[in-house]
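Below: one structure, written as structure tokens.
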Amino acid sequence: MNIKNIKSAFPIFKQKINGKPLIYLDSANSSQKPQTVIDKISHFYSTEFSNVGRSVHTLAVKATNRFESTRDKVKNYLNAKHREEIIFTKGATESINLVASSFGEKFINQGDEILTTELEHHSNYVPWHFVRQKKGAIIKFAPVNEKGDVEIDEIKKLITNKTKIIAITHISNVTGAIMPLRKIIDLAKEKKIPVLIDGTQGAPHLKLDMQDLDCDFYAISCHKMYGPNGLGILYAKKKWLDQLQPYQGGGGMISEVLKEDVTFASSPTKFEAGTMQTAEVVAFSEAIKFLESLGMENIQNHENEVLSYGIEKLKRNNSVNIIGDPKERGSVICFTMKGIHPHDIATILDDDGVAIRAGHHCCQILHDKLGMPATARASIGVYNSKEDIDVLCSAIDNCKKVFKI
Amino acid sequence: MNIKNIKSAFPIFKQKINGKPLIYLDSANSSQKPQTVIDKISHFYSTEFSNVGRSVHTLAVKATNRFESTRDKVKNYLNAKHREEIIFTKGATESINLVASSFGEKFINQGDEILTTELEHHSNYVPWHFVRQKKGAIIKFAPVNEKGDVEIDEIKKLITNKTKIIAITHISNVTGAIMPLRKIIDLAKEKKIPVLIDGTQGAPHLKLDMQDLDCDFYAISCHKMYGPNGLGILYAKKKWLDQLQPYQGGGGMISEVLKEDVTFASSPTKFEAGTMQTAEVVAFSEAIKFLESLGMENIQNHENEVLSYGIEKLKRNNSVNIIGDPKERGSVICFTMKGIHPHDIATILDDDGVAIRAGHHCCQILHDKLGMPATARASIGVYNSKEDIDVLCSAIDNCKKVFKI
Amino acid sequence: MDLKELYQEIILDHAKNPRNHGKCNGFNHDAKAHNPLCGDKVHIYLNLGKDKNIKDLSFEGEGCAISLASASILTDTLKGKDLSFTKKLTDDFLNMIKTKSKITLNSLSEDQITTISSLSGVQEFPMRIKCATMAWHTLQSAINKKNI
Amino acid sequence: MDLKELYQEIILDHAKNPRNHGKCNGFNHDAKAHNPLCGDKVHIYLNLGKDKNIKDLSFEGEGCAISLASASILTDTLKGKDLSFTKKLTDDFLNMIKTKSKITLNSLSEDQITTISSLSGVQEFPMRIKCATMAWHTLQSAINKKNI
Ligand SMILES: Cc1ncc(COP(=O)(O)O)c(C=O)c1O
Ligand SMILES: Cc1ncc(COP(=O)(O)O)c(C=O)c1O
């Protein structure tokens with residue numbers, strides 16, 4: 001497969017939007033799905049579907065094998081050390097809620113501190129807010145600077161002997177800043193503080209290596225990495241698996257159930273209560289195949305090329321104000337236009353077939369700091385090209401025409 | 001569509017299992033999916049996919065409309081009074097965990113009582129066990145009698161002024177007993193105790209009417225009612241929606257997010273944190289269409305016919321011991337055979353293409369009471385026929401041959 | 001879908017130069033609302049007389065052209081009107097947004113009708129309907145909620 | 001897949017009449033395991049001499065024919081053997097289940113080899129492999145865990 005014509009692998013691009021070709025620049029929200037992923041879902045439901053792990057008949061065996069071999073695939077893809085470190089969830093949001101709930105319940109007490117940043121998505125704040133409410137803990141926010149970065153020194157300054165966990169994003173879904181994870185994790189290890197990475201925006205764009213990165217938790221949304229909806233992953237380092245209580249109770253996650261007490265299975269089963277998203281997991285193996293067949297380095301190079309082209313071109317447009325100028329940027333360009341609200345931009349762009357997102361992108365704290373209730377966001381996926389950026393730019397010019405500016 | 005040849009609507013039945021036609025008798029575990037549901041998933045991903053509720057571009061509008069109109073469809077299907085009473089979850093397990101967590105946090109304290117039964121699936125016990133652990137509450141189990149029923153009097157006896165909730169299944173997934181819900185809910189209302197129904201086995205087989213039933217919570221797994229994997233529903237009566245705290249925190253469920261505090265949206269958004277299972281929800285509308293086009297009464301009549309035929313025929317087989325003889329039975333036949341363990345039965349049946357389940361079916365408390373670590377279970381879906389039962393019975397005879405009994 | 005229908009001259013004018021912006025004098029009712037998905041905010045202030053006439057009416061807010069224009073047009077049209085008329089026009093307006101029905105209240109001038117009707121283009125942009133209706137819903141809350 | 005391979009005469013015999021069932025005399029090591037998905041249970045007892053010989057070996061358990069036969073055959077074969085032989089046979093056995101390789105330890109009689117090998121049919125029934133291996137894993141835990 002060649003990245004240059006990879007659009008053809010995605011059936012959505014056969015659609016016309018308002019009579020124009022779809023220019024999809026909303027992948028940070030959710031990515032489109034390659035035909036192989038879609039076909040896998042159909043094929044699995046049509047020929048092999050069954051609940052996993054619970055029955056011994058032929059279909060159940062096939063489904064269980066496919067399900068568990070996807071776990072192996074994910075383990076290899078993330079270069080995790082152990083397969084039981086891979087836990088399937090509903091999405092990154094659930095992954096983070098799981099950790100906040102189970103880790104928070106056991107290790108966070110009155111007056112303890114949770115260290116996060118002003119950049120975080122609500123999914124990496126609200127779960128910790130719940131812990132704050134329940135436990136009387138404190139949340140500290142490392143400030144974002146005017147470039148849209150969070151400096152390691154700001155994080156260092158906020159660490160105290162009360163800091164129980166550092167919860168931080170891999171890539172900001174607004175400023176696009178790639179966080180200095182290596183430094184943060186080194187610092188945290190020195191102080192023996194566990195680190196949770198919200199990898200929602202990292203996983204679709206960067207090569208990941210859990211053993212090398214050496215964080216404690218890494219949260220992923222499969223639907224943003226060309227996989228099916230309704231599926232996420234929590235990578236949790238082995239040392240935590242026995243220490244954390246299960247998050248949800250139900251079928252499959254138990255060892256022994258008596259009227260007086262319940263004991264639990266070991267990970268990953270322990271954290272996967274109830275019937276799982278079998279078809280979604282099975283189909284996700286095709287998303288990984290897709291990424292691997294292109295090669296993460298190639299994807300990254302390609303996306304960076306499109307990204308830089310976009311940044312350059314938008315910079316030259318005087319009506320456009322790009323949010324942030326981080327040291328390293330990943331796949332996201334947020335911008336505003338004087339006199340045109342982001343929602344109006346999004347609506348007008350849509351008329352030209354260009355799909356972007358407008359709003360606070362679930363980062364209200366950051367937008368409050370920016371003093372902007374909303375921004376417009378163009379985010380880049382593997383299928384985007386420089387031509388897409390050209391269409392974006394002329395659609396942006398059209399905004400001015402519509403608004404007679 | 002005619003129920004008699006409804007198998008043709010399900011592509012899985014084109015498969016041969018060990019060279020024989022698939023006789024799928026594991027629907028209580030998970031049901032197979034009609035072609036229309038499978039096609040809807042593909043079609044949606046191929047032509048309309050986008051994240052819902054967050055962007056204003058054309059695809060997002062289409063996806064959001066389909067998503068929310070499925071909520072309306074579910075509301076009508078369940079005859080709920082308000083659309084915000086319909087909350088999408090990952091499955092019945094998550095639905096029950098949500099209630100146990102949010103209701104338990106607020107309304108259950110030290111020494112308070114949760115009333116349930118010995119029949120419950122682990123999904124309707126382990127979440128309450130968590131509440132017991134956290135709050136120092138007490139779980140009381142209404143006993144199951146030798147017929148596999150739980151008598152209303154047993155429930156009445158256990159109600160005290162400490163009873164904070166009654167959590168009970170609609171249909172036992174082992175004895176098949178249909179619980180006397182009307183009486184239980186009347187009794188509970190008299191005492192002002194809220195009632196949660198684990199409707200996982202009820203929803204696929206019985207016509208539901210939330211306004212008539214008048215329970216407080218009803219939990220559903222969509223994958224057992226011919227819908228996609230990874231999707232469930234929680235019906236929660238309006239009076240609870242504002243009282244209950246959200247279960248998970250993340251994008252979409254907030255009203256205002258500040259560093260000091262977070263306020264939440266109203267239901268259903270409040271309970272639907274993070275990116276939802278858009279494609280699954282959209283495709284579930286086809287499952288409802290499927291059920292409605294056949295008509296729940298017709299489905300019930302058909303299934304009852306097959307069920308009675310099965311019970312009669314198995315009763316005549318001296319080597320088979322049917323578990324339970326409830327007043328009203330829904331779609332499930334558990335059985336054992338002298339000298340042949342249920343797992344061996346399941347393996348031997350599979351050789352004849354017959355898919356059943358063996359084990360404790362996530363009901364260990366009940367199996368402990370029965371004095372049986374495992375049973376074999378044949379469960380009936382809309383696509384099963386009397387001929388399927390005939391194949392089951394001859395496969396059962398084959399077990400004796402293999403075991404030389 | 002027609003962008004020109006949505007972003008009519010009148011709307012752009014009201015969006016760029018919103019009328020009655022700020023807190024009006026002597027307001028005795030107010031209410032605010034916001035759309036958490038997009039960040040639009042509106043705060044309606046009104047000075048409601050004992051005779052049920054709206055003596056003064058204004059708004060504060062931030063948001064897209066549609067939401068600003070809608071709030072601006074609302075205040076401009078309803079200042080000086082009584083509550084029963086306000087109720088009628090609100091119903092008519094919400095109906096128009098939903099079904100593209102026409103505004104016909106005969107105590108409005110042709111000009112006023114044209115102005116209000118300029119917002120009907122939103123009907124073809126389902127994700128933007130909230131932008132157009134938020135101010136009108138908020139006005140109702142403000143009327144119902146006495147400011148003490 | 002061949003049912004006759006799985007349910008061989010020898011297996012049915014061991015399943016119906018398990019050898020060494022119950023607690024053996026003077027056991028000084030034991031361990032139990034269960035499979036929560038299917039409810040199978042096994043409890044291994046062994047009397048391990050100072051000389052690292054297994055003086056006595058028995059099991060309690062409930063489960064399917066495969067799990068009972070496997071535990072029964074295990075106890076029958078390893079009673080009286082020393083630990084290093086036990087380790088070797090366990091490895092060989094687990095290998096056989098995984099890859100259908102043959103058991104060749106020359107201190108076993110042909111009869112014993114035939115008996116153990118009768119369990120290799122499980123290889124084609126992936127969901128049943130745990131049934132065959134549970135007793136063998138549990139024996140290893142029992143050896144490693146001194147009973148006090
Ligand atoms: C940085 C970041 N974190 C978390 C999330 C939440 O992911 P999901 O909605 O898939 O659970 C998102 C996406 O919306 C995100 O961009
Ligand atoms: C009675 C009952 N309750 C709850 C569940 C749990 O449903 P799910 O696994 O879909 O969450 C099941 C199915 O396994 C069930 O049969």
Side-chain angles (χ1 to χ4, degrees), chain A residues 11-12 15 17-18 26 29-30 32-33 38 41-42 45-47 49-51 54-59 90-91 93-94 97 121-123 125-127 129-130 141 221 223 228-230 248-251 254 257 259 262 273-275 277-280 343 346-347 350 355 357-359 362 364-365, chain B residues 11-12 15 17-18 26 29-30 32-33 38 41-42 45-47 49-51 54-59 90-91 93-94 97 121-123 126-127 129-130 141 221 223 228-230 248-251 254 257 259 262 273-275 277-280 343 346-347 350 355-359 362 364-365:
Chain A
I12 196 88
Q15 301 304 301
I17 301 293
N18 302 317
D26 198 19
N29 193 356
S30 195
Q32 295 297 338
K33 322 301 173 204
I38 301 173
I41 298 176
S42 309
Y45 276 134
S46 302
T47 64
F49 176 74
S50 160
N51 207 338
R54 300 185 180 186
S55 294
V56 301
H57 55 74
T58 302
L59 292 177
K90 194 163 73 170
T93 299
E94 179 165 281
N97 275 275
H121 189 278
H122 295 160
S123 289
Y125 167 46
V126 185
H129 167 71
F130 290 161
F141 298 87
S221 280
H223 69 94
N229 249 210
Q248 299 186 329
I254 56 95
V257 177
K259 279 187 185 175
V262 180
T275 298
Q277 309 97 308
T278 323
E280 286 77 6
H343 269 105
T347 295
D350 185 54
R357 186 175 167 193
C362 301
Q364 205 190 324
I365 289 175
Chain B
I12 196 86
Q15 301 304 302
I17 301 294
N18 302 317
D26 198 18
N29 193 355
S30 195
Q32 295 297 339
K33 321 301 173 201
I38 301 173
I41 299 176
S42 309
Y45 276 134
S46 302
T47 64
F49 176 74
S50 162
N51 207 338
R54 301 187 180 185
S55 295
V56 300
H57 55 74
T58 302
L59 291 177
K90 193 162 76 172
T93 298
E94 178 164 282
N97 275 274
H121 189 279
H122 294 161
S123 289
V126 185
H129 167 72
F130 290 162
F141 298 87
S221 279
H223 69 94
N229 249 212
Q248 298 187 328
I254 55 95
V257 177
K259 280 187 183 175
V262 180
T275 298
Q277 309 95 309
T278 323
E280 287 77 6
H343 270 104
T347 296
D350 185 54
I356 63 153
R357 187 174 166 193
C362 301
Q364 206 191 322
I365 289 175

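Every chain is numbered from 1 and lettered A, B, ... according to where its sequence line falls, protein lines coming before strand lines.
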Worksheet item: For chain A, which of S123(B), G230(B), G359(B) has the most heavy-atom pairs under 4.5 Å?
Response: S123(B)
Discussion item. I'd like to know which of I356(B), T47(B), T347(B) tops the heavy-atom pair count under 4.5 Å against chain A.
Written reply: T47(B)
Item to complete: Against chain B, work out which of V126(A), N229(A), L59(A) has the most heavy-atom pairs shorter than 4.5 Å and name it.
Response: N229(A)
Worksheet item: What heavy-atom pair brings S30(A) and F49(B) nearest, and what distance separates the two atoms?
Response: OG-CZ, 3.2 Å
Practice prompt. Identify the heavy atoms of V56(B) and A346(A) that sit nearest to each other, and give their distance.
Written response: CG2-CB, 3.2 Å
Fill in: Close side-chain approach of Q277(B) to E280(A), heavy-atom, < 4.5 Å
no
Response to the item:
All heavy atoms of P127(B) vs all of G249(A), minimum pair found to be CG-O, 3.5 Å
Worksheet item: So, N29(B) side chain and N51(A) main chain: donor-acceptor pair closer than 3.5 Å or not?
Response: no
Fill in: Distance in Å, Y45(B) OH paired with I41(A) CD1, rounded so as to fall on 0.5 Å steps
4.5 Å
Worksheet entry | Close side-chain approach of H57(A) and N18(B), heavy atoms under 4.5 Å | no
Worksheet, complete the sentence: Answer key: most heavy-atom pairs under 4.5 Å with chain B among V257(A), I254(A), I38(A) is V257(A)
Worksheet item: Is there a donor-acceptor pair closer than 3.5 Å between any side-chain N or O of N97(B) and the backbone N or O of Q248(A)?
Response: no
Item to complete: Measure distances from I12(B) to the heavy atoms of chain A and classify the residue's part below 4.5 Å as side chain, backbone, both or neither.
Response: both
Worksheet item: Roughly how far, to the nearest 0.5 Å, is the OG1 atom of T58(B) from the CG atom of D350(A)?
Response: 3.0 Å
Item to complete: Starting at OG of S42(A), measure out to NZ of K33(B) and round the result to the nearest 0.5 Å.
Response: 13.5 Å
Item to complete: For Y125(A) and K259(B), indicate whether the former's side chain and the latter's backbone hold a donor-acceptor pair under 3.5 Å.
Response: yes
